[in-house]
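A short worksheet on the structure shown next.
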Number of protein chains: 2
Amino acid sequence: MRNACSMTPQGLRERKKLRTRREIRDAAYRLFAEQGFEATRVDRIAAEANVSTSTFFRYFPTKEDLVLSEDTPARPLSVELAARPVDEPVLTAVRHAIHACVTVAEGEPGALERARHRMELIASVPSVRDRLHETMARPGDDLAESLAARIGRPVDSLETRVLLGAVLGAFREALLHWAGVEPEADARALADRTIDTLARHLSA
Amino acid sequence: MRNACSMTPQGLRERKKLRTRREIRDAAYRLFAEQGFEATRVDRIAAEANVSTSTFFRYFPTKEDLVLSEDTPARPLSVELAARPVDEPVLTAVRHAIHACVTVAEGEPGALERARHRMELIASVPSVRDRLHETMARPGDDLAESLAARIGRPVDSLETRVLLGAVLGAFREALLHWAGVEPEADARALADRTIDTLARHLSA
DNA sequence: TGCCAAATGATAGTGACTCCCAGAAGTGCG
DNA sequence: CGCACTTCTGGGAGTCACTATCATTTGGCA
């Protein structure tokens, strides 16, 4: 039904909704760049996007979701991770999966740049940063399932949750570091350093 | 100056402030138990505690801080961790530090029970859960310093941040699991399972 | 006792977000 | 094409956490 990758929606209604959503987000990012996140009021964004405030909240449940929700069709990491052989050690699988994600992102021009800019915004706004982990582990996301299968434990088990929490916690910090400290660094290199750090210090 | 462990404040003013703070929090927890977190309005809490709404916000900057801020004098984990030998592997040091924390908590009657009840509240309220990691790594907390020293890297380095993020992420999930799934489980055993999981799956 | 600093309370705001309802616009069917 | 049906939109009123300001009170201390 829905969620088919890179398939333009059929009806006029659907196309209009997508356009409105993009216009709202574009307007928001424009205003954020000018005056910052917190100084930009929601009704101002709505006006800039030529919709009413009510409509704004129909598209984005909270102001933070403007930054946190992604419309990129794929959830790359979970997909790439699921593609790795199950008998591979977790960190090895994650490493390769992330490399693959970066490669995919490099395919679309400006994608990495946009991702980093988005992370800078996230890093600089506390209320957004607080909710980052939600975005990293979406409800429908298969990341937990993939990890669970890899370690042979149920999805809701302590072990799976702990592992997911650790990996996401590590990469949350890596992303914030990327955005805030080393914006020019190579994404792949940072990912490798992240995983090396885990491998070196989290054993025995 | 301040922050001396278990030292009763001298002036009447200080004593009164502490009492007010406790009264507000007690009133809040009472109301939360009756009607839930979100259904309890701040002015209702203030009234129940016999203070004005203004005063409430002087004591707790946000409603969430009622649950998140702790008044326990020590920051046990960072202290216990700092007490471990620096050449000990990170996970070993963390394991012993947590065991020590649990032992300390068992000393004060009802402390573990209260901690678990608090975690249940945190786990059940999204807005509070989102800010849990703040509480786990306070600004003045030495956890980052302790880890940094242990791995021989600067506090703000990617490696230190990643390690801290991973450990806190893991234990965040462990705490939520404790509160939500296995409330009767032994805290020490859960901590061990958490660390074992990290050690087993986050290497190579 | 009397002065100063700090704590309190009341009031008026702000801004994100919700509810509700009436009208407009897209959709499917004859 | 035209007509019913559903969905989307705009507007207005309201809620609630939180802020700013100022007058009043209260504890600390010489």
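The sequence lines fix the lettering, A, B, ..., with proteins before strands; numbering per chain opens at 1.
The residues Arg116(B) and Glu120(B) are annotated as salt-bridged, a charged nitrogen and a carboxylate oxygen being separated by less than 4.0 angstrom.
In summary, of the residues considered (Leu68(B), Val128(B), Val67(B)), a side-chain contact (heavy atoms from CB on, under 4.5 Å) with Leu121(B) occurs for Val67(B) alone.
In this structure, the ring pair (Phe, Tyr, Trp, His ring centres under 6.0 Å) partners of Phe32(B), at least two apart in sequence or on a different chain, are Phe37(B). Listed by chain and number, the residues in a side chain to side chain contact (heavy atoms under 4.5 Å, CB included) with Asp156(A) amount to none (sequence neighbours excluded). Under the side chain to side chain contact (heavy atoms under 4.5 Å, CB included) criterion, Ala174(A) pairs with Phe171(A), Thr194(A), Leu158(B), Val162(B), not counting sequence neighbours. Taking the side-chain hydrogen bond (donor to acceptor under 3.5 Å, both in side chains) definition, one finds that His99(B) meets it with Asp192(B), sequence neighbours left out. Not a single salt bridge (Lys or Arg N to Asp or Glu O under 4.0 Å) links Arg13(A) to another residue, sequence neighbours left out. Shown here are the side chain to side chain contact (heavy atoms under 4.5 Å, CB included) partners of Glu23(A), two or more places apart in sequence or in another chain: Arg19(A).
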**Complete:** B/S/- along nucleotides 13-25 of chain C (protein heavy atoms under 4.0 Å) is --SSBB-B----B
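Read 5' to 3', the first and last nucleotides of DNA chain D with an atom closer than 4.0 Å to a heavy atom of chain B are dC16(D) to dG28(D).
When each of Phe37(B) and Tyr59(A) is assigned the nucleotide of DNA chain D bearing its nearest heavy atom, the one mapping closer to the 5' terminus is Tyr59(A).
Sorted by first then second residue, the side-chain hydrogen bond (donor to acceptor under 3.5 Å, both in side chains) pairs that include residues 174-189 of chain A, not counting sequence neighbours, are Thr103(A)-Arg188(A), Glu106(A)-Arg188(A), His177(A)-Glu182(A), Glu182(A)-Arg193(A). Listed by first then second residue, pairs satisfying side-chain hydrogen bond (donor to acceptor under 3.5 Å, both in side chains) with a partner in residues 36-46 of chain A read Arg44(A)-Glu48(A), not counting sequence neighbours.
Against DNA chain D, the stretch residues 122-130 of chain A makes no heavy-atom approach under 4.0 Å. Heavy-atom distances under 4.0 Å link DNA chain C to no residue of residues 23-35 of chain A.
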